[in-house]
Amino acid sequence: MNLTLHVWRQADSDARGDFETFKISDVSPDMSFLEMLDVLNEGLISEGSEPVAFDHDCREGICGACSLVINGVPHGPQKATTTCQLYMREFDDGQAVWIEPWRVGAFPVVRDLVVDRSAFDRILQAGGYVSVRTGAAPDGNTLPVPKDVADRAFTSATCIGCGACAAACPSSSASLFVAAKISHLGLLPQGQVERNSRVRMMLAQMDGEGFGHCSNHAECQSACPKEIDIGRIARMNRDLYRSFVRRT
Amino acid sequence: MPGAPLLTRDSEMPGAWSYSVMRKVAMAISGLVLVAFLYGHWAGNTVLLSGEQAFNDYLDWLRNHPILHYGVWIAIALALLVHVAVGPRHWLTNRMARPRRYRKRKLQATTWAARTMMASGTFLLIFLGVHIAHVRGWLVFDDTTSTFQNLRAGFAYWPVLTLYVVAQVALALHLYHGLWSQFQTLGLHHPRYNHLRRPFAFLVGAGLAILNIGLILLNTGAGQQLIGSAT
């Protein structure tokens, strides 16, 4: 396959940045999108140019490191897929492919396609944890959790924190990420102790980071590679109201 | 790269109204108050069809019930104030939250109604100004002091009629997103009933617009002829 790539290049967070166009040929349809970028970078390095910087780590769809808005969609055209699990067979020979970083003010561009997502880390630090006494791991069955509750908590826990929700959101809101974390911990008995402070701390940190406000466009759930649904956001809002009326 | 300072202790937790989610609650509740008022406003205005005397009796009746009259006035004024204070503020923050826009953008889920909330809202606010001026008699379409005559004269004038009808369409669009959105904001989410949220927003929003347009058209010359030939 031959492709025309329009790749966002930006030297650092202060640089203006612009698109650079590359022609790439002999792309195998069995390559992943990141492998295609690897081939592009091999070529750039061999001719002495700067390679395109992009985030990646596990390359098996579970770490949340990879990003990229590909032809206007976070993680590209295939639903419920991270960029590393997106294969070139999803593209047509000769197609133009526009590759942009997550465009969210709270995620400043570090270089080219790499953005700084530590705003998410700070939101987690603010309240996305459960305090427990450490020691020997307790037996899994000593704390009974109903199956459907465990399932819902697990679905929320599948959030890999990639940031596609905020990147897709017309308002640049981080609500789906925060809501997934709050449901993940708040549905389980271990998470009850800090349930009130968690929602208030995480939401306060989220507001402080400069994300926009959820406007219920539902773009986030379409972009989420783990298909986490906006019902989590409704639940998060309920948790916040609950925190004002109930002590625990 | 400096980000926001990390909140660490519960003592730093801000009060309820500094949360963006709580401002959205204010948005949802004030919106619901305004929709409830607009249904009442339609029901009251159906007396326009019974002629000038009935309409004036209705106005007198309102004036003789000051608790109802001023209660409603205060409620809608407050709701409107909240709605107009929060909406543009959030719209502006949301725009600033993405300093650089995407070159290519393929939206997958949102609706046109949702993306034009600020535009439809601004238009409705302008229309509201014109409507109040029309009803209060600051905009005169007939050399009379009668509110009833001035209303009918306005509807007989095609630019005014068009403005009223277009405003109802904008209202339906605004409510299609707003009435769905308030379910999410208020946390009203249940797998068994979620499929009813969109149809509810459509029916209540479009229903109000259709009722209003119907009432306006029946108060035009052609509408009066239609009523005359039916009775």
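Below, chain A is the first sequence line, B the second, and so on; all start at residue 1.
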Revision key, fill the gap. In terms of heavy-atom contacts, Gly210(A) and Ala97(B) come closest through O-CB, 3.6 Å
Exercise for review: Considering only heavy atoms and a distance below 4.5 Å, find which of Gly17(A), Ser243(A), Cys169(A) pairs most often with chain B.
Suggested key: Cys169(A)
Point to revise | Top of Phe107(A), Phe244(A), Phe211(A) for chain B proximity - count of heavy-atom pairs under 4.5 angstrom | key: Phe244(A)
Check your understanding: Which answer fits His190(B), side chain, backbone, both or neither, if we ask what part of it has an atom under 4.5 Å from a heavy atom of chain A?
Key -> neither
Review point. Met22(B), Met27(B), Arg23(B): which one forms the most heavy-atom pairs within less than 4.5 Å of chain A?
Key: Met22(B)
Review point. Taking every heavy-atom pair that is under 4.5 Å apart, which of Lys106(B), Arg98(B), His189(B), His177(B) has the most such pairs with chain A?
Key: Arg98(B)
Review point. Between Leu6(B) and Met201(A), is any pair of side-chain heavy atoms under 4.5 Å apart?
Key: no
Review point. Can you name the closest pair of heavy atoms from Lys104(B) and Asn71(A) and give their distance?
Key: CB-C, 4.2 Å
Check your understanding: Based on non-hydrogen pairs under 4.5 Å, which of Ala119(A), Pro170(A), Ala166(A) is most in contact with chain B?
Key -> Pro170(A)
Exercise for review: Against chain B, work out which of Ala204(A), Ala218(A), Ala223(A), Gly208(A) has the most heavy-atom pairs shorter than 4.5 Å and name it.
Suggested key: Ala204(A)
Check your understanding: Checking Ile123(A) against chain B: side chain, backbone, both or neither under 4.5 Å from a heavy atom?
Key -> neither
Practice item. Find the one option among Cys214(A), Ser175(A), Ser172(A) whose heavy-atom pairs under 4.5 Å with chain B are most numerous. Key: Ser172(A)
Point to revise | Note, Met117(B) side chain near Ser215(A) side chain (heavy atom, < 4.5 Å) | key: no
Check your understanding: What residue in Val25(B), Leu186(B), Leu107(B), Thr93(B) has the most heavy-atom pairs under 4.5 Å with chain A?
Key -> Leu107(B)
Practice item. Using atom types as modelled and distance alone, determine if a side-chain donor or acceptor of Tyr102(B) lies under 3.5 Å from a backbone N or O of Ala168(A). Key: no
Review point. Counting heavy-atom pairs under 4.5 Å to chain A, which of Ala114(B), Gly187(B), Pro191(B) comes out on top?
Key: Gly187(B)
Check your understanding: Based on non-hydrogen pairs under 4.5 Å, which of Arg200(A), Arg235(A), Arg238(A), Glu219(A) is most in contact with chain B?
Key -> Glu219(A)
Revision key, fill the gap. In terms of heavy-atom pairs under 4.5 Å with chain A, the winner among Leu188(B), Asn194(B), Thr111(B), Thr185(B) is Thr185(B)
Check your understanding: Just by modelled atom types, is the Gln184(B) backbone N or O under 3.5 Å from a matching donor or acceptor in the Asn237(A) side chain?
Key -> yes
Exercise for review: Can you see which heavy atom on Lys24(B) is nearest to which on His213(A), and at what distance?
Suggested key: CD-CB, 4.4 Å
Review point. Judged by atom type as modelled, is there a donor-acceptor pair below 3.5 Å linking the side chain of Glu209(A) to the main-chain atoms of Pro5(B)?
Key: no
Point to revise | Nearest atoms (heavy-atom pairs only) where Ala109(B) meets Ser222(A) | key: CB-OG, 3.4 Å
Review point. In terms of heavy-atom proximity below 4.5 Å to chain A, should Trp180(B) be classed as side chain, backbone, both, or neither?
Key: side chain
Review point. What part of Pro77(A) lies closer than 4.5 angstrom to a heavy atom of chain B: side chain, backbone, both or neither?
Key: neither
